[in-house]
Amino acid sequence: MPGSRAKDAAEVIETLRRFFMATSATDYLIAYSGGRDSTVLLHAVASLRDELGLSLRAVHVDHGLSPHSGTWSGQCRQQCEALGVDFIGRRVEVVHQGQSLEAAAREARYRVFTELLGESDCLLSAHHREDQAETLLLQLLRGGGVHGLASMPASRPLGGGQLRRPLLGLGREQLAAYAEAQRLEWVEDPSNFDTSLERNWLRHELLPLLRQRREGIDAVLARSALHFAEAAGLLDELAAGDLTLCAEGAALSIDALAQLSEARQRNLVRLWLRRLALPLPDHRRLNQVLAELCLAAEDAVPLVVWPGAELRRYRGRLYAMAPLPQPLSEPLAWGGGGELELPDGLGWLSLAGAPLDGPLEIRPRRGGEHMHPAGRERSRDLKRLMQEAGVPPWLRERWPLIYREGKLVAVPGLWIDHRYAVQGGGLPLIPRWRTDFHQFAIEKDGENNDN
């Protein structure tokens, strides 16, 4: 048995050596919780650092969920100092409204990772084969789809860099053998044995029963996850082809979507939402999307929402977005210089070109506004102008309007009043509205291109 344990310990080093020889990243971060698995990863990578010329740092996230978390962070720092590895410690606040504490902690942790990863950086996580088996079972119990059952990929983009799991093909016993051979010390979090938490129940109660019944069950489940990952990849290829046929800018054509089977519609919408970095709805809500938005009357502007996302229909197109900020509630005074930050995440206003001296006032759209845009023969109703330009209703009410001496003089990014158009080759007035929640382009050419 000692020989077998030594072989298991050696396999950790050899697996990592093969991984680094095949990886092109230059800077590596270890996701270091302080537990046994991440301690093994940290120690093993540090032992290869000089041989392979690795640039290495460790990042520890203190979730503040235990009265001992500060002590654990200190122990992690000491371990890194002993190995000569740069230590990055971050304390986060975990807010778990509407989700489990585990999920909220994971989100907080990955926000830190995302912020730290640069373009050439690679984050290494110590997940192994048994972790993969647990993840697959969790997804099965939660009714996960093919992408969920694919469990944890060996690599995926994260922030500006990559997340890699180099130990995913190894078992927990191999990592334990390495820790024993190197006489490592690590943090033991008592919450890891709290079987009221679903993953811990799987780890300590269900999986031991399955192992008694079927030898090698962890490897079998991990292999199933690979099959699901392959199936998910094929579904994504199908959805990518469908997206090419249905996409109209960042939106989807309802008519094109309707030509697909319901299963392909759902598959396409999921891929579309993932590419927009929006959370996916559950199966029931996704069916609601297809029923309410795709089958709505032509003149309707229906809305389907779930945490983190909103879907709307307008002029035969399906639009998806993060929850929109509230419209401007009160007028704002502005001198016209610099960049004006609007409240509640509505964006920023700026002026360039010909001067438009203040005092100016920024007002929300209330209805009934008129203006005489440059290039037009007469004054027009703003509602009609926006309809002609194809501005969706949810943007019309959020579009900031620039007034001077009580007169509407500019709709940033769309129109300026004819009195402020510069003749004879001078610089035109260019009001700009910069936001994080929309990218709008005027639909029509010709008379609508007044800005």
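It should be emphasised that the depicted structure is a prediction, and the values quoted were computed from it without experimental measurement.
Formation of a donor-acceptor pair under 3.5 Å by the Asp62 side chain with backbone atoms of Gly64 is found in this model. At distances below 3.5 Å, at least one donor-acceptor pair connects side-chain atoms of Gln265 with backbone N or O atoms of Leu257. At least one donor-acceptor pair closer than 3.5 Å links the side chain of Arg396 to the backbone N or O of Val391. The backbone N or O of Ser191 lies less than 3.5 Å from no partner atom in the side chain of Asp194, so there is not a single donor-acceptor pair. Panel note: side chain Ser69, backbone Leu65; no donor-acceptor pair is recorded below 3.5 Å. Under the 3.5 Å distance criterion, the side-chain polar atoms of Asp121 are left unmatched by any main-chain donor or acceptor of Leu29. With Trp272 contributing its side chain and Ala250 its backbone, the two residues share a donor-acceptor pair below 3.5 Å. Glu310 contributes no side-chain N or O that, together with a main-chain N or O of Leu303, makes up a donor-acceptor pair within less than 3.5 Å.
Applying the side chain to side chain donor-acceptor pair (under 3.5 Å) test to residues at least two apart or on different chains, the pairs with a partner in residues 71-85 are His60-Ser73. For residues 112-153, the pairs satisfying ring-ring contact (aromatic ring centres under 6.0 Å, His included) are Tyr110-Phe113, with sequence neighbours left out.
When side chains are defined from C-beta on, Trp399 does not count as touching Leu328, because their heavy atoms never get closer than 4.5 Å. Inter-residue side-chain proximity for Thr135 and Arg199 is flagged as met; some heavy-atom pair is nearer than 4.5 Å. Under the 4.5 Å side-chain criterion, counting only non-hydrogen atoms from C-beta, Thr39 is not in contact with Glu185. Counting heavy atoms from C-beta on, the side chains of Leu238 and Leu268 never come closer than 4.5 Å. When side chains are defined from C-beta on, Pro157 counts as touching Gln162, because their heavy atoms get closer than 4.5 Å. In this structure the side chain of Arg109 never reaches within 4.5 angstrom of the side chain of Val92, judged on heavy atoms. Using a 4.5 Å heavy-atom cutoff, the side chains of Glu397 and Arg365 are not in contact. Side-chain contact between Arg274 and Asp236: present, with at least one pair of heavy atoms (C-beta onward) separated by less than 4.5 Å.
With hydrogens and angles left out, the side-chain atoms of Arg285 and Gln288 include a donor and acceptor closer than 3.5 Å.
Every residue meeting the salt bridge (Lys or Arg N to Asp or Glu O under 4.0 Å) condition with Arg203, not counting sequence neighbours, appears here in chain and number order: Asp131, Glu134.
Results of the side chain to side chain contact (heavy atoms under 4.5 Å, CB included) test with Ile217 over Arg213, Glu215, Arg214 single out Arg214 as the only residue that passes.
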